[in-house]
Amino acid sequence: MRTGNEPLTARSPLRMRWWLSIWGLIWTAFGTIAFAFAGRPGWAIACGVLLLIVATDFVLVVRHMRQGSRFQPGRDVPPYEDRAHRHGSTEDERQDSDDRVSRRSRERSRSGPP
């Protein structure tokens, strides 16, 4: 069931991001050193900036891995927003709305394809 806030609650494959970060650290460090010795300061700076970005990503990935798969920011922050709270409706209004939606879907299924 979609909740509408998937970008906030989506999970990424951290182990793959960890390996890609290591790969990026190796190549950007190599590129920075190689361009510095080759006398190309512009490219060395570009690789150095990319090295900092990859290192930041690596630190964040390690931090998320250590937090665990079920990490929640705090007791007062639920994993998903409540539908009634999000729309400002009461429990009775939400139940009525759900009944209307289910009634419509039953009517459509009986009538066949449009």
Side-chain angles (χ1 to χ4, degrees):
M1 181 170 118
R2 292 184 55 94
T3 60
N5 64 353
E6 278 77 12
L8 298 175
T9 58
R11 295 176 55 191
S12 65
L14 293 176
R15 179 108 22 226
M16 181 181 68
R17 282 183 59 195
W18 185 76
W19 281 110
L20 289 172
S21 293
I22 289 177
W23 184 253
L25 285 171
I26 291 169
W27 279 104
T28 54
F30 173 76
T32 303
I33 293 168
F35 283 123
F37 281 128
R40 304 277 186 154
W43 285 103
I45 291 171
C47 284
V49 169
L50 193 57
L51 177 66
L52 291 175
I53 293 170
V54 172
T56 303
D57 183 55
F58 178 77
V59 168
L60 290 175
V61 167
V62 169
R63 180 175 173 259
H64 288 169
M65 288 174 79
R66 288 187 179 179
Q67 287 174 341
S69 63
R70 300 281 181 200
F71 173 74
Q72 291 297 316
R75 278 182 133 9
D76 58 336
V77 180
Y80 298 101
E81 293 177 3
D82 183 27
R83 283 176 40 187
H85 177 68
R86 186 173 62 221
H87 296 294
S89 61
T90 64
E91 183 71 29
D92 293 334
E93 291 172 348
R94 192 172 74 239
Q95 184 63 37
D96 291 342
S97 174
D98 289 344
D99 289 342
R100 281 191 303 267
V101 169
S102 62
R103 193 175 328 118
R104 282 185 203 141
S105 62
R106 282 193 306 266
E107 290 170 1
R108 286 185 191 140
S109 65
R110 286 184 202 147
S111 65

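Worth saying up front: this structure is predicted, and the values here are computed from it rather than measured. Side chains are part of it too, since the values below use all heavy atoms of this structure and drop only hydrogens, waters and symmetry mates.
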Exercise for review: Determine whether Val61 and Leu20 fall in the same hydrophobic cluster, where Ile, Leu, Val, Met, Phe, Trp and Tyr are linked whenever their side-chain heavy atoms lie under 4.5 Å apart.
Suggested key: no

Study note, to complete from the structure: Joining Ile, Leu, Val, Met, Phe, Trp and Tyr whenever any side-chain heavy atoms lie under 4.5 Å apart, the cluster holding Leu52 also takes in none

Review point. Which residues pass the side-chain hydrogen bond (donor to acceptor under 3.5 Å, both in side chains) test with Ser21, sequence neighbours left out?
Key: Asp57

**Study point:** Test side chain to side chain contact (heavy atoms under 4.5 Å, CB included) applied to Leu25 - qualifying residues, sequence neighbours left out
**Key:** Leu51, Val54, Ala55, Phe58

Check your understanding: Other than Val59, what residues sit in its cluster of Ile, Leu, Val, Met, Phe, Trp and Tyr side chains whose heavy atoms are under 4.5 Å apart, directly or through others?
Key -> none

For residues 39-49, which side-chain donor-acceptor pairs fall under 3.5 Å, sequence neighbours excluded?
none

Review point. Distance from Ile33 atom CD1 to Phe37 atom CZ, nearest 0.5 Å?
Key: 7.0 Å

Exercise for review: Treating Ile, Leu, Val, Met, Phe, Trp and Tyr as nodes and any side-chain heavy-atom pair under 4.5 angstrom as an edge, say whether Leu60 and Met65 lie in one connected cluster.
Suggested key: no

Check your understanding: Under the ring-ring contact (aromatic ring centres under 6.0 Å, His included) test, which residues partner Trp27, sequence neighbours left out?
Key -> Trp23, Phe30

